[in-house]
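Keep in mind that this is a model prediction, so the values were computed, not measured.
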Amino acid sequence: MRVRYAVNVTDIDDKIIAKANEKGVVWLEIAKHYEKEFLEDMESLNVKPPNIVARISDFIPQAIHFVEGLLQRNLAYIVPSGSVYFDTRAYGRSGKFKPMQEDFSFVGDYSTELRQEKNYPADFALWKSAKPREPAWSVPFSPHPGRPGWHIECSTVASHFFGSSVDLHSGGIDLMFPHHENEESQCCALHGVDQWVKQWLHTGHLLAPDESKMSKSLKNSISIRDFLKKHSAMQFRMFCMMQYYRSHCALGEEELRAAHALISRLTGFLNLVEEYRRGTLEIRWFDEGRLRDAIIKTEESVDNSLADDFNFPQALYHISELVSFCHKQIEESRTKVSTLSPYEHSALFGAADFVQSFFDVFGLKLPTKKALATENRRAWNEEEVRSLEEVMDAVVQFRNVVRQTALGGLKKEPTLQTLQEESKKLLKDCDNFRDKLLKMGFRVKDHGKLSTWEKLLKNTSAVEVHKPARIKSKA
């Protein structure tokens with residue numbers, strides 16, 4: 001599917017203008033500063049850049065043409081100040097998101113001055129007559145220079161690139177009304193269509209840990225840059241996937257730990273299968289038929305979940321169930337004998353590939369041993385990663401030898417008490433060595449006679465890696 005994704009950057013806005021006047025700089029300087037910060041923050045969260053980044057300041061002629069079109073259709077009017085308003089009564093079809101109300105309490109965010117110059121309380125500004133120290137452009141329909149209104153910015157840019165129909169338009173739930181309501185009205189009016197946007201997607205708010213609204217005035221907000229000093233982008237992306245996108249969600253430590261634990265569990269499973277693939281882990285038996293059926297069922301369930309209004313929590317639940325099924329099969333294999341080569345159990349590889357590809361598609365690179373460079377957010381080259389793997393493999397192999405020697409000594413009839421004591425001490429030393437590696441960020445896991453290792457996520461404690469993630473079966 002070819003997707004053309006555009007993002008409109010608002011660089012003409014009352015708050016931007018006020019901040020520029022406060023600092024004594026040009027408004028465009030403030031706008032460019034925050035645009036640069038925004039794009040850098042999105043990159044740090046591994047958010048793919050849009051195909052188009054548009055700024056309304058680059059589309060002033062198009063905005064003027066947009067207003068002229070509505071004036072020509074008698075769907076807008078000019079007031080003495082030179083401002084132009086959309087005539088909601090002449091249009092007659094506003095109210096898709098929120099029915100028109102006679103008390104007009106929903107227009108409370110407009111100043112008294114603006115309310116008085118409008119013909120009708122629900123009307124909204126298309127073009128605003130400029131005040132002193134504001135950016136302004138001359139227009140043919142008014143003797144007073146002015147600038148675009150807020151609602152017309154996105155409409156102008158989107159209409160320029162997509163014309164009279166937009167497949168998907170997204171934004172926060174707070175933008176549904178009046179912003180998106182007014183966008184839809186003025187674009188339907190200009191293009192002469194009943195529906196401009198085919199599908200609207202509105203996301204819930206990210207709340208403070210106490211579930212209050214994040215606000216700078218309340219001093220309970222956190223910047224992306226400050227967040228990433230303590231947590232990883234991957235952890236935040238998993239946290240978001242564990243929420244239903246239309247719902248408000250609290251960014252609390254408990255929720256972040258749950259996301260961390262799920263990443264650790266999934267990564268551990270992929271590392272386990274990779275050890276099996278490399279022949280360093282023995283799995284004696286596997287019910288191939290049941291696992292293939294489970295994979296097919298999971299794929300169908302995940303597809304259905306995503307088709308159900310992007311129900312990611314439900315999709316994660318089904319993937320988690322598949323991983324649990326695989327772990328159960330691996331545990332059962334320890335007590336059974338197989339006549340097949342371990343490399344003939346291809347269904348296990350299929351399950352791991354499905355899990356890996358699902359998260360790859362949605363920009364969440366699980367930190368398996370192959371992805372250490374990504375997990376550490378460092379520019380490791382392939383040689384460095386390969387070297388670390390070789391060192392850790394050697395360390396674990398050495399530990400295996402020591403451990404097996406001690407286990408062998410315990411199984412034999414002891415002839416000397418000191419031999420048994422030494423064996424116990426040796427096993428204790430193995431455990432101590434494992435614990436030291438855990439503190440260094442490497443977890444060693446025993447699987448019968450063999451052991452495997454994995455690199456832990458940043459800021460993961462020994463307690464957290466064993467805590468199961470909470471995955472709900474329904475959003």
Pair Asp167 + Arg4, salt bridge at N-O below 4.0 Å: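 Here Asp167 does not pair with Arg4 in a salt bridge, since their nearest N and O are not under 4.0 Å apart.
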
Carboxylate-amine/guanidinium contact Arg147 Asp14, below 4.0 Å: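 Answer for the salt bridge query: yes.
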
Between [X] and [Y], a side-chain donor and acceptor under 3.5 Å:
X	Y	value
Gln199	His169	no
Tyr245	Asp309	yes
Gln62	Thr156	no
His231	His260	no
Ser357	Asp360	no
Ser159	His191	yes

Is there side-chain contact between [X] and [Y], with heavy atoms separated by less than 4.5 Å?
X	Y	answer
Val53	Pro50	yes
Phe227	Leu256	yes
Phe358	Leu316	yes

Of Lys23, Glu35, Glu22, the residue whose pairing with Ile30 passes side-chain contact (heavy atoms from CB on, under 4.5 Å):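 Single side-chain contact (heavy atoms from CB on, under 4.5 Å) partner of Ile30 among Lys23, Glu35, Glu22: Lys23.
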
Member of Leu348, Asp353, Thr368, Val355 meeting the side-chain contact (heavy atoms from CB on, under 4.5 Å) criterion with Val273: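 Passing option: Leu348.
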
With Phe312, the ring-ring contact (aromatic ring centres under 6.0 Å, His included) member among Phe239, Tyr244, Phe362, Phe359: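 Among the candidates, only Phe362 passes.
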
Exercise: identify the closest heavy-atom pair between [X] and [Y]:
X	Y	answer
Ser320	Arg265	OG-NH1, 2.8 Å
Val193	Ser164	CG2-O, 4.1 Å
Leu291	Cys326	CD1-SG, 3.7 Å

Worked check of side chain to side chain contact (heavy atoms under 4.5 Å, CB included) between Trp200 and Leu168: CA-CA 6 Å; Trp200 291 91; Leu168 182 67; over 6 Å; no

Side chain to side chain contact (heavy atoms under 4.5 Å, CB included) evaluation trace for Ile224 with Phe236: CA-CA 10 Å; Ile224 291 173; Phe236 182 68; over 6 Å; no

